[in-house]
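Written below as structure tokens is the structure these notes are about.
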Amino acid sequence: MPQPAVAPSALPRRTFLALGGSTALAAALAACTPAGAGAPAGPTITPTPNPSGWLPPAEPMAFPKGYVWGAATSAYQVEGATTADGRGPSVWDTFAARYGTVKGGATGEPAADQYRRYAEDIELMTDLGLGAYRFSVSWPRIQPTGTGPANPAGVDHYRRLVDALGDAGIRPMITLFHWDLPQALQDAGGWASRDTAQRFAEYAAILFDALGDVEADWMTVNEPKTHAFVGHWYGGHAPGLRDPDVAAAAVHHQLLAHGLATRAFRDHGASGRIGIGLNLLPAYSIDPVNTRGAERVDASENRLFLDPVLLGRYPDDAIGSAPGQLPADPAAFAALALPGDLEVVSSPLDFLAIQYYGVTGVDPIGNQVEIAPTSAASWQQVRAEGLYDLLIRLRDDYPSIPIVITENGIPDETSALTVDDPYRVEFLRTHFQQAARAIGDGVPLEGHYVWSLLDNFEWAEGYDQRWGLVAVDFDTQERTPKRSAGFYSDVIAANAVAPA
Ligand code: FCB
């Protein structure tokens, strides 16, 4: 279906990253041209699936007993029912209602209507053989204005959901914040304000009281980087701001919120485990000698989040005016961290959740360039071996902590409804192989969640990017498992991934 002209703010989100502040023409070309065509002259990494030459063994690669196979969604992307049972507005309701922000003028209504259809979706999960389901709680269902007592109807909904999952033998992974901040908190300053971290801890405590008896995994914040950068620097996501200093504040305050919620979790003696979800992007220098640009991209994309959470300190090369950095004022950023903050941010976790979609190349200046084929999401450079490299890097550079991959997936090739998705089968197979390879090399990897269980509302792409294992007809809400769902189900049943 033809789409109305799309405002700049609705360009694919990592295109914003590539075009943002620091980057130049090469990245712009890379983001807009077919796979590989934007790579500059000079030394490049060949865009083969496994640049190292690694080949999967002829026999199926087995996963350890108890390896968790899951699928993930988030509240605003699947629930719909945006005014039901006292839910207040979130920043995404406000943002999507603005002309030109989301393709086709789409909003989170009806999404996949999971608020009403969760029982049916749990049956689909059972058919798949899923061991775990990752969903997020909509903060404005729990506190419609972001503060004050809990809205019982909102809490009851999630109680019913976790109980139904429990009855089906599926472990919940409960994300507390997947970008749908109550609009009232945005009006009071949002993540630019330190107070939002405190509000988040109070909201988290309501849920630990209500659901803390459930044997679940909890994720405090989903991808603080995407929310800070795309939502506050590039304006491509809610709340649609374009201010690098506000983005930097959103980084620190989300991480502080994470740490405060982690402490509240311990104080409540809640069952289960808690972690944070970081989307990480292996950044490969296209110049083997001058790697300074890639180091800065690595700093802003990865270490700005890993170091404070796992090491209790911020890197000194992530923020500044050089290409590849978040172009905020480093002194102003440093001043945000009050004494004691980094101890809170680095409160011990039970696991590190990582979300992996692909890689980037970086030139010596610090421009991101294409080194691998892109999917229908132009920001996604697909290279399964990047997952292995990332896992090994975590093993080598950070204290040992159980790791769970909480998002990993690829969109359909077009926006048309389809159940025939061989590219997703191939994507999953090659990424599972790299996960198994990393486990064999000593990475404490405990589980793998596919993004996503269902086709859903893909943020600024609206309903035009379909990421589900299960197809959703958004007119009828009919669900149909895709070919990849059958593949995944076989992997789960065997607890092993076979060669192609
Ligand atoms: C991740 C988000 C998730 C979804 C996938 C495609 O960055 O966490 O909500 O949009 O990308």
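Order of listing sets the numbers, starting from 1, for every ligand and every atom in it.
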Does R437 count as lying over the ring of Y388, i.e. NZ or CZ under 6.0 Å from the six-ring centre, within 45 degrees of the axis?
yes
Can you classify the ring geometry of F457 versus W459 as parallel (below 30°), tilted (30 to 60°) or perpendicular (above 60°)?
perpendicular
Contact between ligand 1 and H178 is defined here as a heavy atom of the residue under 4.0 Å from a ligand atom; is it met?
yes
I need the contact type for N222 against ligand 1. Using non-hydrogen atoms and a strict under-4.0 Å cut-off, is it side chain, backbone, both or neither?
side chain
d(R141 CZ, S90 OG) to nearest 0.5 Å is 9.5 Å
Test side-chain hydrogen bond (donor to acceptor under 3.5 Å, both in side chains) applied to N222 and Q254, Q355, H227, the passing residue
Q355
Numbered atoms and elements of ligand 1 in range of W451, under 4.0 angstrom, heavy atoms
3 (C), 4 (C), 5 (C), 6 (C), 9 (O)
Drop me the distance from I319's CD1 to L326's CG, to the nearest 0.5 angstrom.
4.5 Å
Taking distance alone, with N or O pairs closer than 3.5 Å, would you say Q77 contacts ligand 1?
yes
What atoms of ligand 1 come closer than 4.0 angstrom to any heavy atom of E458?
4 (C), 6 (C), 10 (O)
Just how far is it from atom CD of Q477 to atom CZ of F474, taken to the nearest 0.5 Å?
7.0 Å
E407, any N or O under 3.5 Å of ligand 1 N or O
yes
Closer than 4.0 Å to some heavy atom of E223 - which atoms of ligand 1 meet that?
1 (C), 2 (C), 7 (O), 8 (O)
Ligand-residue contact atoms, ligand 1 with W459, heavy atoms, under 4.0 Å
3 (C), 4 (C), 9 (O), 10 (O)
